[in-house]
Amino acid sequence: MRRARILGVGMYLPERRVPNMELENIKELETSDEWIRQRTGINFRHFVSEGESGTDLAVHASKQAIIEAALTPEDIDFIIYATLSPDYFFPGNGCFLQDRLFPDRTIGAMDVRTQCCGFIYSLAMADSLIKSGHYDHILVVGTEVHSTALDFTSRGRDVTVLFGDGAGAVVVGPAPDGHPGILTTAMHSEGKYARELWTEYPASAHNPRLSHEALEQGRHYPKMNGRMVFKHAVTRMVEVSHEVLAKAGRTVDDIDLFLPHQANLRINQMVASQLGIQEEKMVNTISWTGNTTAATIPICMHEALRQDKLAENNLVLLTAFGAGFTWAASLLYW
Ligand code: ACO
């Protein structure tokens, strides 16, 4: 059976850069640059400008990934698009991206909704579709536009300071003979905690889907039980990393590069320490991206390449934890 690997990586952040001081200066938010830096490791994040959508960000990141893969748009057979912040309730962003990138070709496009794990889940789907011979080149995209749904008052400050907008993309295709490519992926969910990190409105579970009352109560903004999410994130990312290593018959010492999801620098330092991975083997982008959810891991990959920390045949561990709860890990040879 043929194997699948990542052939090219792209990323894009909107031009508008928002330093912590800009948030500190919003009086009603009642936060400070110092609190954000100390508790999260974030210095700034990027927000879209008026009229800029997740699909707009995806176009930039995808074009770069296709060029880096030394392919042309005609080579792409399928789109897998991960986001928790689609441009519209329906259809999914994959369709909007298909129209922007491949207007003359009716290739399939699907959306994946597993929040911070969206990229790893999507990569696993692409891996299977390539291995089975169903497709040759799949564009896997993660984007988020959080900034249009944040509560800029003290009520939402725990969440608001964490999130940033951005896009990351990869092209997945067949690995050359003898190259193991993507080794294995593990994916989990635990829906009993769904309401510990969620956005309740608008929702088809409510009739009407959005009400004046819900808007006044701020129930259309994300809500999070931060401490609980923090504890589960550390435990589960360590656990699932061990799971993929065991499945693939590798050990922590074999890992060349560790790319964890970026929700809080302290979470990643704890995970790396509990796994016994030296910090120099880890790439963190949170200080300049904030949490870009499904876009995070391809952005980290791009940064690892930029820093010359990722080379042919390196063993790479990806792991993420997020709303759902969901958690996942993937082990792959570059
Ligand atoms: N600015 C200033 N003070 C704040 C802010 C803020 N932005 N946010 C909270 N505080 C205050 C709290 O009100 C509290 O005050 P009190 O002691 O007077 O009650 C104090 O700071 C401490 O609050 P904690 O919630 O205990 O702070 P903690 O150190 O846990 O940090 C944080 C909060 C950063 C949210 C942390 O819990 C965290 O990172 N959680 C996990 C986030 C995560 O992993 N999310 C998952 C991915 S997101 C996704 O999947 C979509």
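Read the numbers this way: they start at 1 and go in the same order the structure lists the ligands and their atoms.
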| Can you say whether the rings of Tyr88 and Phe96 are parallel (under 30°), tilted (30 to 60°) or perpendicular (over 60°)? | tilted
| query | Just one of Thr143, Thr55, Asp111 clears the side chain to side chain donor-acceptor pair (under 3.5 Å) bar with Tyr81, so which one? | reply | Thr143
| query | What residues sit with at least one heavy atom under 4.0 Å from ligand 1? | reply | Glu30, Thr31, Trp35, Arg39, Thr40, Leu84, Cys116, Arg157, Asp158, Val161, Phe163, Leu197, Met224, Gly226, Arg227, Val229, Phe230, Ala263, Asn264, Arg266, Ile267, Asn291, Gly322, Ala323
| task | Mind checking side chain to side chain donor-acceptor pair (under 3.5 Å) for Lys131 and listing every partner two or more places apart, or none if nothing turns up? | result | Asp127
| For Thr293, which of Gln115, His261, Gln262, His146 qualifies under side chain to side chain donor-acceptor pair (under 3.5 Å)? | His146
| Among side-chain atoms of Asn225 and Arg195, is any donor-acceptor pair under 3.5 angstrom? | no
| Thr285-Glu303 side chain donor-acceptor pair, cut-off 3.5 Å | no
